[in-house]
Colleague: 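Sharing a structure with you now.
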Amino acid sequence: MRFLGLDSSTQSLTALIIDTDTGEVIDRSIQFGARLPQYKSPNGFLPSDDPRVKHSDPLMWVEALDLLLGELREAGVDLSTIKGVSGAGQQHGSVYLAHPIDEAGMWDASLPLAEQVRPLLSRKTAPIWMDASTGAECAEITAAAGGADKMVAITGSIAIERFTGPQIRKFWKTDPAAYERTAEIQLVSSFVASLLTGTSVPIDLGDGAGMNLLDLAAGAWSPLLLDATAPGLGRKLKAAVPGATYAGTVADYFVKRYGFAPNTAVIAFTGDNPSSLVGMGASQPGTAVVSLGTSDTMFAAMPAPRTDPNGYGNVFGNPAGGFMALCCFSNGSLAREQIATRFHLGWDDFAQAIVERTQPGNGGNMLLPYFVPEITPRLPAPAERWFGTPDFVAGKDPAAAARAVVEAQALSMRLHSAFIGAAPSRILVTGGASKNAGILRVLADVFQAEIIPLRVGNSSALGGALRAAQAVEGRPWSDLFARFTAPDSSRRVAPDPRSKVTYEGISTQLQARLKDLLAQTPATR
Ligand code: XUL
């Protein structure tokens with residue numbers, strides 16, 4: 001049987017189709033910046049004078065869905081053979097609707113969907129996970145809830161700028177009339193699922209945990225936090241549902257326009273990280289995953305919530321049951337791209353610079369690579385700091401710059417993810433940058449762990465397809481994982497034990513420099 005997984009991420013929308021009988025995988029993506037330039041969002045979000053504000057136009061996501069399904073059809077993919085669809089969205093981003101979506105029969109299949117969804121929006125833009133502008137709201141919610149410890153005890157995370165609750169509160173404070181007009185608030189994941197069914201699909205527990213609103217133990221919105229966030233919020237959110245929930249069948253619009261079978265099942269969508277946990281075959285505790293995308297994340301499944309005493313880590317729901325711990329870094333691919341562009345390095349040069357032209361420790365050169373506001377550690381404004389030889393500091397050493405950005409990212413990841421548990425000896429990697437041998441080499445040496453890329457590139461979309469297969473066909477996870485989440489043995493990287501001591505020393509140095517940087521950073525709360 002064939003299943004479709006969708007991943008609506010920061011910079012692209014991906015479709016991935018699996019055939020559980022033959023093992024065949026087809027995938028295709030739409031890059032928002034390149035393909036939908038009319039939305040003026042080269043990196044997936046709208047320009048803003050304030051670097052802390054990051055919003056996207058939700059209609060860009062809707063139009064991308066039309067474009068992607070149209071392309072699949074033109075490429076000869078018979079969408080009537082798809083038995084189930086699920087998927088994922090970038091986490092935390094929120095879409096505001098003046099009317100719940102219940103237009104299944106009303107959308108005209110001869111017209112683009114974006115034009116028909118436009119009148120449903122009560123807010124033109126959607127704040128996304130990169131937004132860092134809600135420091136005041138985080139402080140207010142924390143105070144009203146009874147303190148940071150209480151927030152962590154209920155939701156698994158302190159109040160965090162990018163999480164949806166603080167974003168909703170800011171919307172209520174800055175545009176109370178539009179907030180009043182809002183009948184329903186969706187996450188990116190549940191919004192895309194709602195488009196597919198033409199009905200309002202509930203938020204799932206995995207992604208819902210990234211809102212600062214979910215009581216993890218109860219698996220339901222916390223009345224205390226709903227009240228602490230904005231008036232009447234409980235009426236604007238449907239009850240959250242477990243990951244495998246059947247959400248309906250694809251809307252008539254997609255049947256008529258793209259040839260889906262009318263009874264194609266749609267399973268609730270989840271966040272991209274929870275979906276990746278499944279797509280990496282890592283939904284049982286014991287395997288750590290590093291995802292190298294627009295954001296870099298490190299995560300692992302866990303049976304019970306374990307929270308980060310430093311407040312950086314988060315707990316989300318695991319779509320296969322239980323929980324997952326996650327650390328998120330906003331200076332992921334955007335920081336690597338900054339260096340590659342600034343130093344005119346192609347990705348092959350970038351890898352070669354790391355593997356062949358520099359050594360672990362980078363000859364004492366170190367970069368603090370914060371080109372956009374950082375989530376971990378919390379930096380409300382961009383900050384770059386260069387330490388080392390005069391050439392490096394003057395921006396005249398491209399090879400050292402390439403190693404420096406990746407070493408700092410890997411060391412910061414190791415430092416801040418320690419709360420997740422014992423140091424891993426094997427790490428699965430995914431995301432666009434996991435194709436880069438230089439980055440894998442640094443990860444292996446910094447973590448002193450074997451780094452294992454998988455054969456399928458987009459683990460979040462694959463997670464969607466696997467969840468649809470598991471829910472509709474009832475196949476055991478172990479069968480699905482054995483078939484679709486195989487490692488790419490040719491690209492495995494083993495750690496070099498000689499670099500262990502070098503990185504221990506540099507880690508201490510990085511920690512001290514981060515402490516200095518944080519001390520120079522004005523508090524936002
Ligand atoms: C996770 C996070 C990011 C987004 C990116 O908490 O904010 O990883 O999910 O899509």
Side-chain angles (χ1 to χ4, degrees), residues 6-14 29 32 41 43-45 52 54-56 61 87-95 126-134 138 155-167 187-192 203-204 206-214 269-280 289-300 307-308 311-319 323-335 372-376 378 409 413 416-417 420 429-434 458-461 463-464:
L6 291 169
D7 175 33
S8 180
S9 75
T10 317
Q11 308 202 54
S12 58
L13 176 69
T14 299
S29 289
F32 303 139
S41 305
N43 291 310
F45 49 84
R52 293 171 310 168
K54 297 273 185 297
H55 285 211
S56 298
W61 304 327
Q90 53 172 309
Q91 294 196 254
H92 320 295
S94 42
V95 180
I128 65 163
W129 64 274
M130 297 178 81
D131 191 286
S133 69
T134 61
C138 289
T155 71
S157 304
I158 59 166
I160 307 174
E161 284 82 349
R162 72 187 192 286
F163 275 35
T164 324
Q167 293 290 343
L187 292 181
V188 178
S189 57
S190 62
F191 176 61
V192 178
I203 291 169
D204 90 302
D207 211 10
M211 297 175 79
N212 277 148
L213 289 171
L214 192 77
F269 279 36
T270 190
D272 52 2
N273 294 295
S275 191
S276 269
L277 191 72
V278 173
M280 299 294 286
V289 179
V290 166
S291 166
L292 302 164
T294 307
S295 65
D296 287 345
T297 54
M298 180 156 190
F299 51 84
T307 52
D308 175 9
Y312 288 126
N314 312 127
V315 178
F316 300 139
N318 173 351
F323 298 89
M324 64 185 281
L326 174 137
C327 252
C328 179
F329 306 84
S330 37
N331 283 274
S333 66
L334 293 181
V372 293
E374 181 52 63
I375 291 167
T376 312
R378 186 172 297 108
Q409 289 176 324
M413 196 176 259
H416 292 103
S417 64
I420 295 179
V429 281
T430 180
S434 67
N458 189 318
S459 55
S460 176

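Owing to the predicted nature of the structure, the values given are computational and were not obtained by experimental measurement. First listed ligand is number 1; within each ligand, the first listed atom is number 1.
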Colleague: Between E161 and R378, does at least one N-O distance fall below 4.0 Å, as a salt bridge requires?
Modeller: yes
Colleague: Starting from atom 3 (C) of ligand 1, locate the nearest protein heavy atom and write down its residue, its atom name and how far away it is, to 0.1 Å.
Modeller: S295 OG, 3.4 Å
Colleague: Taking only heavy atoms of Q91, which atoms of ligand 1 are found under 4.0 Å from at least one of them?
Modeller: 1 (C), 4 (C), 9 (O)
Colleague: Side chains of Q90 and I128, heavy atoms from C-beta outward: is any pair under 4.5 Å?
Modeller: yes
Colleague: Would you call the rings of H92 and F163 parallel, tilted or perpendicular, taking 30° and 60° as the class edges?
Modeller: parallel
Colleague: Assess the side chains of S9 and D272: does a donor N or O sit below 3.5 Å from an acceptor N or O?
Modeller: no
Colleague: For atom 9 (O) of ligand 1, which protein heavy atom lies nearest, and how many Å away is it?
Modeller: D272 OD1, 2.8 Å
Colleague: Mind listing the closest non-hydrogen atom pair of C328 and S295 along with its distance?
Modeller: SG-CB, 4.0 Å
Colleague: Any idea which protein heavy atom is nearest atom 7 (O) of ligand 1, and the distance to it?
Modeller: R162 NE, 2.9 Å
Colleague: Under the 3.5 angstrom rule, does the side chain of T155 hit a backbone N or O of S157 as a donor-acceptor pair?
Modeller: yes
Colleague: So, does C328 sit close enough to ligand 1 that a heavy atom of it is under 4.0 Å from the ligand?
Modeller: yes
Colleague: With heavy atoms under 4.0 Å as the rule, classify the contact between I375 and ligand 1 as side chain, backbone, both or neither.
Modeller: neither
Colleague: Distance only, no hydrogens: is a donor on one side chain within 3.5 Å (strictly under) of an acceptor on the other, for T297 and N273?
Modeller: yes
Colleague: Below the 3.5 angstrom mark, is there an N/O of H92, backbone or side chain, next to an N/O of ligand 1?
Modeller: yes
Colleague: Hey, is ligand 1 close enough to T297 that some N/O pair sits below 3.5 Å?
Modeller: no
Colleague: Please check whether Q90 reaches ligand 1 - meaning an N/O of the residue sits under 3.5 Å from an N/O of the ligand, judged on distance alone.
Modeller: no
Colleague: A side-chain contact here means heavy atoms from C-beta on lying under 4.5 Å apart; do D131 and R52 qualify?
Modeller: no
Colleague: At under 4.0 Å between heavy atoms, is it the side chain or the backbone of L326 that contacts ligand 1, or both, or neither?
Modeller: side chain
Colleague: When you look for heavy atoms under 4.0 Å from ligand 1, do you find them on the side chain of F316, its backbone, both, or neither?
Modeller: side chain
